[in-house]
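Down below is the structure, laid out as structure tokens.
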Amino acid sequence: MNYLHDLNAAQLEAVQYTEGPLLVLAGAGTGKTKVLTHRIAHIIEQGKAGPHNILAVTFTNKAAKEMQERISQITQSYGLNLGTFHSVAAKLLRQYANFFDLSPSFTIINADDQVKLVKSLMVERGIDTSTYAPKVILSIISRWKDMGLLSGKVTEQDASSRPYQIALDIYRSYQTRLVQSNAVDFGDLLLYNNELLLNNPDILEMYQQKFKYILIDEYQDTNVVQYSWARMLAKQHGNLCCVGDDDQSIYSWRGAEVGNILRFEKDFAGAKVIKLEQNYRSTTPILQAAASVIQNNKHRHGKTLWTERGKGDPVRIVSCWNDKEEARFVTSEIMRLMNDKTPANEIAILVRAGFQTRPFEEALIANAIPYKIIGGLKFYDRMEIRDLLSYIRVALNLQDDLALERIINVPKRAIGDTTVKSIKAYARENNLSMFGAIEKMLELGLVKNKLGEALGILVRQFHAWGQRYQKERPADVTKGILEDSGYMAMLKEEKTDESRGRLENLNEMLRAIADFENIAAFMEHTSLVMDHDGEPDARGYVSLMTLHASKGLEFDAVFLPGWEEGVFPHQKAITEEGAKGLEEERRIAYVGITRAKKWVCITHAESRRIFHEFVNSLPSRFIAEIPPGSSLRSSSKGGSMSYRPESFTKRVVAPQSQKTGSEDSYRAGRRVNHASFGAGIIVRHSSDNLEIAFDKVGMKTIKKDFVQLV
DNA sequence: CGTTTTTGCCTTTTT
DNA sequence: GGCAAAAACG
């Protein structure tokens, strides 16, 4: 029983309350993982259920791995069903693949392939892809999947407007094509699972009996399908424990429904709710600042974090002229911290969007500070890796058109655009896969000479590789692919730094494959385990990442740059989602602040280069929500800052003085008048366009010429 | 017909 | 300041 000793009262209650539905509202840094791991260990230790009768799902592989390790430290847990939603779903679906006209070896396609498929379907039926972006159409389809809607269940009403009509049309053929290619996307993994249980009471009952205790981590991030799936599975025993924090729900754009966690007590009769409010991470001013921001949200359970850490430094809020100066300021502060013996890996810069990392990278490099971008370019997203994966995919599944198209002419083998188009046309006419079409065309002598020869070689090679995978070691066959295809030779020929790096990456992948029994297991791993690169615990590196990527992490010092209206909160979140979008932005701010153990420094720039024009913005409204009592405001624009090197003023003033008088008068904060929209205030401006918050009609983007200064 | 060069689009967050 | 699709080139 000694594993219960280091728990506080609320944590202990959550661990011991094993029977019936339970919602654990776990604020940032309150020991959420501890509760989950101890609870699982407790169920096993008490003999309530064996590991194989417990199901625990997380969102990230990292979380799953950490939980597994920590449980193993407490008790024997062999056979525990623990994994991400997607990996658990994939495992289950492979057993019932034939229910969905798939073979158990189906491929899981990634986002890139999804967009490509949607686009090619749109082009096929003559829909203009510049008016309706394939990405947008895909996101509509994905949201339907997240809501549990197969194309047949989408109603006329769901698809009333034009983009939705297009999306529905594409959705149907998209699914057909995926099935023909023996492939599923991420959304399908859960959607099909849900359908499986809905339509097959016998299968559902079997799993209901198997899983006596179900635990869900990060419950605030679940979508409708995940909710429905878990609810069905838990129905018989009713022992569903959901752990999450409504204030940290930041994935609505991926289909997550905050409503799931807000509705918990309604959905599960007799549910118990336990709040974890003692924070073990941050100082009081940090928690106060976070609380005063998040309390502006209407839709939340509401909880008050407190700490015994005691007083600490106030949250700093610093104004800068522009993005470059902001980066230099943050970098100089980082150097100061490192001089004061704060290790680099205890320092993080958290940005709203990926492109904001650039000025920081430049400043960090200029000052020789080692840094790592977390979650930026992923190992499996690299060109050469995706090429090799495509080769493997085709070798394993000749129907995988998307993969074949990617590598059909890599390395160059004289199979160009026109040939690919004719192959696709032939495939469509005869209802064949591309590979099938090539074989048929060769058989009928429709392609001749050099082209026929090149295609013939390719066909024979893929058959050979596929057969070799059946009996030989996967790493050997894969190496064979790289050699036989000429891919390796192509890179060796190039002899640039880049090509050498690519070769190194391919070798690393061969080494990774060597750890797997069979190639199918490796492919499952690559499609579901994406967090490979940039471990945040890397010693000696400052971490640079998006706020989203920072969830679950903690650092001594956290820098939060770019707190400007339009950047953060992001303009799109507000225009597209309105008040809901703003609340989510605020939760992102909350996540950012609560990553810090000792120091938070928020900065905003008055002018920022976005694309190739200067954009002026007002400070984020979230800054105004932080009370002076827990924060300290200053400016790096001149005057009082002691750490400000001479060069700052020189460089910073220059762009300002370059502006013409008339441009300058349209700056953020000025009131303007518009003939039809009335009075408003400029929120941001670029060379031609003004973003104006009108008193009556809300946000609009207006050309400068159409408004007058008041 | 296939390869090289140029243009034109960007950028919210990702299992 | 990057990468993919279209246009020009061979």
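In what follows, every heavy atom counts, from backbone to side chain, and hydrogens, waters and symmetry copies are set aside. Below, chain A is the first sequence line, B the second, and so on; all start at residue 1.
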Just how far, in rounded Å, is [atom2] of [N] from [atom1] of [X]?
X: A:I373; N: B:dT14; atom1: CD1; atom2: P; result: 12 Å
X: A:Y251; N: B:dT14; atom1: OH; atom2: P; result: 6 Å
X: A:L93; N: B:dT15; atom1: CG; atom2: P; result: 21 Å
X: A:K572; N: B:dC10; atom1: NZ; atom2: P; result: 8 Å
X: A:E218; N: B:dT14; atom1: CD; atom2: P; result: 15 Å
X: A:D146; N: B:dT15; atom1: CG; atom2: C1'; result: 11 Å
X: A:K551; N: B:dT14; atom1: NZ; atom2: P; result: 12 Å
X: A:I374; N: B:dT15; atom1: CD1; atom2: P; result: 13 Å

Query raised in the report: Does B:dT14 have OP1 or OP2 sitting under 4.0 Å from an N or O in the side chain of A:T546?
Result: yes

Query raised in the report: Hey, does the side chain of A:H548 come within less than 4.0 Å of B:dT13's phosphate (OP1/OP2), counting only N and O?
Result: no

Flag the pair [X] and [Y] as a salt bridge only when some basic side-chain nitrogen lies within less than 4.0 angstrom of an acidic carboxylate oxygen.
X: A:K580; Y: A:E583; value: no
X: A:D247; Y: A:R300; value: yes
X: A:K32; Y: A:E218; value: yes
X: A:K424; Y: A:D401; value: no

Would you indicate which nucleotide in [options] comes nearest to any side-chain atom of [X]?
X: A:F186; options: B:dT15, C:dG2, B:dT12; value: B:dT15
X: A:R358; options: C:dG2, B:dT12, B:dT14; value: C:dG2
X: A:K135; options: B:dT15, C:dA5, B:dT11; value: B:dT11

Query raised in the report: Does the ring of A:F85 lie flat against the base of B:dT15, closer than 5.5 Å centre to centre with planes under 30°?
Result: no

Query raised in the report: So, for A:F59 and A:H86, is the gap between ring centers shorter than 6.0 Å?
Result: no

Query raised in the report: Does the gap between the ring centers of A:Y227 and A:W229 come in under 6.0 Å?
Result: no

Report task. Scan A:K116 against the nucleic acid and name what it touches under 4.0 Å (heavy atoms): base, sugar-phosphate only, or nothing. Result -> nothing

Query - Nearest-nucleotide comparison on DNA chain B, the residue closer to the 5′ end among A:R352 and A:Q114 - result: A:R352

Query raised in the report: Counting a pair only when it is Watson-Crick or G-U and both distances are under 3.5 Å, which runs of at least 3 such pairs involve DNA chain B?
Result: B:1-9 with C:2-10

Report task. List the steps, then state whether side chain to side chain contact (heavy atoms under 4.5 Å, CB included) holds for A:R254 with A:D146. Result -> CA-CA 8 Å; A:R254 212 172 62 193; A:D146 291 338; 5.5 Å; no

Query raised in the report: Just checking, A:R94 and A:F106: is the charged tip under 6.0 Å from the six-membered ring centre and within 45° of the axis?
Result: yes

Query raised in the report: Taking atom types as they are modelled, is there a donor-acceptor pair under 3.5 Å from the base of B:dT13 to the side chain of A:W253?
Result: yes

Can you check nucleotides 1-5 of chain B for protein contacts, nitrogen or oxygen pairs under 3.5 Å, and list what you find?
unit_1 : atom_1 : unit_2 : atom_2 : d
B:dG2  : OP1    : A:T419 : OG1    : 2.5
B:dG2  : OP2    : A:T418 : OG1    : 3.4
B:dT3  : OP2    : A:N409 : ND2    : 3.0

Query raised in the report: Can any side-chain N or O of A:D246 pair as donor or acceptor with the backbone N or O of A:L262 at less than 3.5 Å?
Result: no

Requested in this report: With sequence neighbours left out, write down each residue that passes side-chain hydrogen bond (donor to acceptor under 3.5 Å, both in side chains) with A:D185, or none if nothing qualifies.
Outcome: A:Q114, A:K145, A:Y174

